[in-house]
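Worksheet: the structure to be examined is printed underneath.
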Amino acid sequence: MLIRTFVLIMLATFASSSSFLGQAIVSNPSSSQTISQPTSTSLGVNKLNNIYYVNQWCATSGVLDDTCFRRAIADISSSCSDATNSCSSGGGTPQDAKYIAELIVPPGSYNFSSPVVIPRGMNIAIHGAQTGVYGSRISGGSNDFIVRADDVDIKNLAFVGNKSNTAITLGVPEFAIFDTHINNCWFAGVGVGIRLVNAGGLDLSHNTFDSGTSYGIYSNQSEGDVMANYVIADDLRGFQQISTVSITGPSPGTANYQGYTFSGIFDNSVQSSASISLTRIIGAKISGIFTQNHYQDISISGSSAVVISNFHVYNPGQTSIFINQSNGVNTSNGVIFNSGTLEGGTPSISVVGSANTTVAGITSVNGGSAHASYGLSIDSASGASRIYGNNFNAQTVDTYNVQDPTALFEIKGALSATSVVAGNGYSGTATVGGCSIKIVSGIVVSTFGCN
């Protein structure tokens, strides 16, 4: 008979004289013990040192589904799980208790028919193993995880849905959650990858939102969401979505919707929405690579104190950066290639009804199949615009269409010349009220509507 030999290092769950397959086992041995086991059997561990293997907690053995997670979480919450016995401290209430454990999700496809709730007071890690959409997969049509606890760590899982589900919901309207990490996860074909209902202080970096996912990171105060603030989401990958990031706060803006950092690769958006869309928020920093999007790359509306910098745009659908009814948006240090490729006639950068906008150090090159109309367009409802150091080279009408009567064009550095000739002057059209002035090489050549 074939014999498999196991060297028992520690098996604290067995009593000192327990029997395993007919053999006596010492739980605190003074030396290694050899256990003989028939080849038709296997030695499994479903919980060891607060580490849970979820595929061994399923309601039906061998059937991977949401019960595997639910039963493991129920066991964590029913027992004290740390060495200091602090689970029973603070009166035993969930928010004062410490239920600490790690859930290991072995490779396989776990079909969810109902959501798994991570209750308050449970500080757990859920770790899988995935490469792309393979490995540890969560699939099905239900909302997958509803996180009601702080300090939850979710990583290396693939969520594959049917466009109706939300993969991970952070917080519920009645309870805020904080300090949660979701990293290195892959979302494909879900309605929303990560929904911020009532959450702050989050790290959502290194995630991929693949084709068929409508929204990557999403929160909308008008739909009942309460808080989505202080979010770091670097190294994102967004492909073929409506928006990789869509955050909509209240009017007027509040601290519940402020403080964001977003960067990554944003590719091939498919609907009439920007890859990054921020509405009525306070304070954000945006950078990254934007390529082949079918609409706007970045849209800022009703917001303030936003910095868009260090970006490359390739083949935008139309206006690459749209700033609307916002205050103090700074756009700088970026390059736009093939501006207006999919839809001509729109500016590369458009500013509407906004104040204190800075546009500096932007270069546009290569017109593509349909050039942008202007490199930069600022309407007359805007004010206190500050413009300098740009180099727009991919427009069909003109470099600038700045109608802001208070705009400040700055020349950085000293200007010295032995002579000034007309050829060095500005060319374009200036509009003040109903008066249009055409300027060629610094000389006014015609006016229209001027009294």
Side-chain angles (χ1 to χ4, degrees), residues 112 126 128 130-147 153-170 180-197 199 202-220 223 225 228 231-248 260-279 281 284 286-299 311-314 316-317:
F112 275 45
I126 304 176
Q130 59 87 17
T131 300
V133 295
Y134 306 103
S136 305
R137 292 164 48 109
I138 309 297
S139 61
S142 169
N143 287 356
D144 298 334
F145 288 108
I146 299 176
V147 179
D153 184 37
I154 300 174
K155 65 174 57 174
N156 298 327
L157 295 177
F159 294 85
V160 182
N162 63 3
K163 291 190 73 66
S164 65
N165 63 312
T166 296
I168 303 174
T169 301
L170 297 183
T180 284
H181 294 246
I182 301 172
N183 308 122
N184 299 303
C185 290
W186 199 287
F187 303 84
V190 301
V192 176
I194 304 170
R195 175 124 188 202
L196 312 183
V197 173
L202 310 172
D203 179 2
L204 309 180
S205 302
H206 314 297
N207 293 304
T208 296
F209 304 99
D210 209 340
S211 56
T213 296
S214 297
Y215 297 95
I217 298 171
Y218 185 86
S219 185
N220 192 327
E223 296 177 2
D225 298 336
V231 178
I232 295 175
D234 285 327
D235 187 30
L236 301 178
R237 175 72 166 88
F239 179 69
Q240 286 194 346
Q241 287 129 38
I242 299 173
S243 291
T244 302
V245 177
S246 179
I247 307 289
T248 301
Y260 307 93
T261 295
F262 299 119
S263 71
I265 303 173
F266 307 95
D267 186 12
N268 270 275
S269 64
V270 297
Q271 300 287 343
S272 296
S273 183
S275 292
I276 294 182
S277 177
L278 303 180
T279 302
I281 61 90
I286 301 169
S287 62
I289 298 171
F290 299 81
T291 177
Q292 304 287 345
N293 292 310
H294 289 217
Y295 194 62
Q296 297 157 357
D297 295 297
I298 301 170
S299 175
F311 60 89
H312 277 205
V313 173
Y314 299 87

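Below, all heavy atoms of this structure are taken into account, side chains as well, without hydrogens, waters or symmetry copies.
Side-chain contact between Asn183 and Asp203 is present, with at least one heavy-atom pair separated by less than 4.5 Å. Using a 4.5 Å heavy-atom threshold, the side chains of Thr244 and Tyr215 count as separate. Side-chain contact between Ile126 and Asp153 is absent, with no heavy-atom pair separated by less than 4.5 Å. Side-chain contact between Asn165 and Phe112 is absent, with no heavy-atom pair separated by less than 4.5 Å. Between Ile182 and Ile194 there is a side-chain heavy-atom pair separated by less than 4.5 Å. A heavy-atom distance below 4.5 Å is not found between the side chains of Leu204 and Leu236. At least one side-chain heavy atom of Ile281 sits less than 4.5 Å from a side-chain heavy atom of Tyr260. At a threshold of 4.5 Å between non-hydrogen side-chain atoms, the residues Ile298 and Phe262 do not count as touching.
With no hydrogens or angles considered, no side-chain donor-acceptor pair links Asn293 and Asn268 at under 3.5 Å. There is a side-chain donor-acceptor pair under 3.5 Å between Asp234 and Ser263. A donor-acceptor contact closer than 3.5 angstrom links the side chains of Asp235 and His206. Side-chain N/O atoms of Ser277 and Ser243 include no donor and acceptor closer than 3.5 Å.
Between the NE2 atom of His294 and the OG atom of Ser275 there is a distance of 10.0 Å, given to the nearest 0.5 Å. Between the OG atom in Ser287 and the CZ atom in Phe311 there is a gap of 10.5 Å [rounded to 0.5 Å]. The CD1 atom of Ile265 sits 9.5 Å away from the OG1 atom of Thr291 when rounded to the nearest 0.5 Å.
Between the side chain of Thr279 and the backbone N or O of Thr248 there is no donor-acceptor pair closer than 3.5 Å. When atom types are taken as modelled, the side chain of Ser269 and the backbone of Gln241 share no donor-acceptor pair closer than 3.5 angstrom. Here the side chain of Gln296 pairs no donor or acceptor atom with the backbone of Ile276 at under 3.5 angstrom.
Closest approach of Gln240 to Ser211, counting heavy atoms only: OE1-CB, 3.4 Å. Residues Pro316 and Asp297 share a closest heavy-atom pair of CB-OD2, 3.3 Å. Nearest heavy-atom pair, Cys185 versus Asn207, reported as atom, atom and distance to 0.1 Å: N-OD1, 2.9 Å. When all heavy atoms are compared, the tightest approach of Gln130 to Leu157 is CG-N, 3.6 Å. Of all heavy-atom pairs between Gly193 and Thr213, the closest is N-CG2, 4.3 Å. For the pair Asp225 and Asn220, the tightest heavy-atom approach, listed with the atom from each and the gap, is OD2-N, 2.7 Å.
Between Phe266 and Phe290, the angle of the ring planes stays under 30°, which puts this pair in the parallel group of the 30/60° scheme. In this structure, Phe159 and Phe187 have parallel ring planes: the angle between them is below the 30° cut-off, well short of the 60° mark.
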List the steps and the verdict of side-chain contact (heavy atoms from CB on, under 4.5 Å) for Thr180 and Leu170.
-> CA-CA 8 Å; Thr180 284; Leu170 297 183; 4.2 Å; yes
Starting from the C-alpha separation in whole Å, work towards a yes-or-no answer on side-chain contact (heavy atoms from CB on, under 4.5 Å) for Thr169 and Leu196.
-> CA-CA 6 Å; Thr169 301; Leu196 312 183; over 6 Å; no
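More than 12 heavy atoms of other shown residues, nucleotides or ligands fall within 6.0 angstrom of atom CD1 in Ile146.
Between Arg237 and Asp210 there is no salt bridge, since no side-chain nitrogen of the basic residue lies less than 4.0 Å from a carboxylate oxygen of the acidic one.
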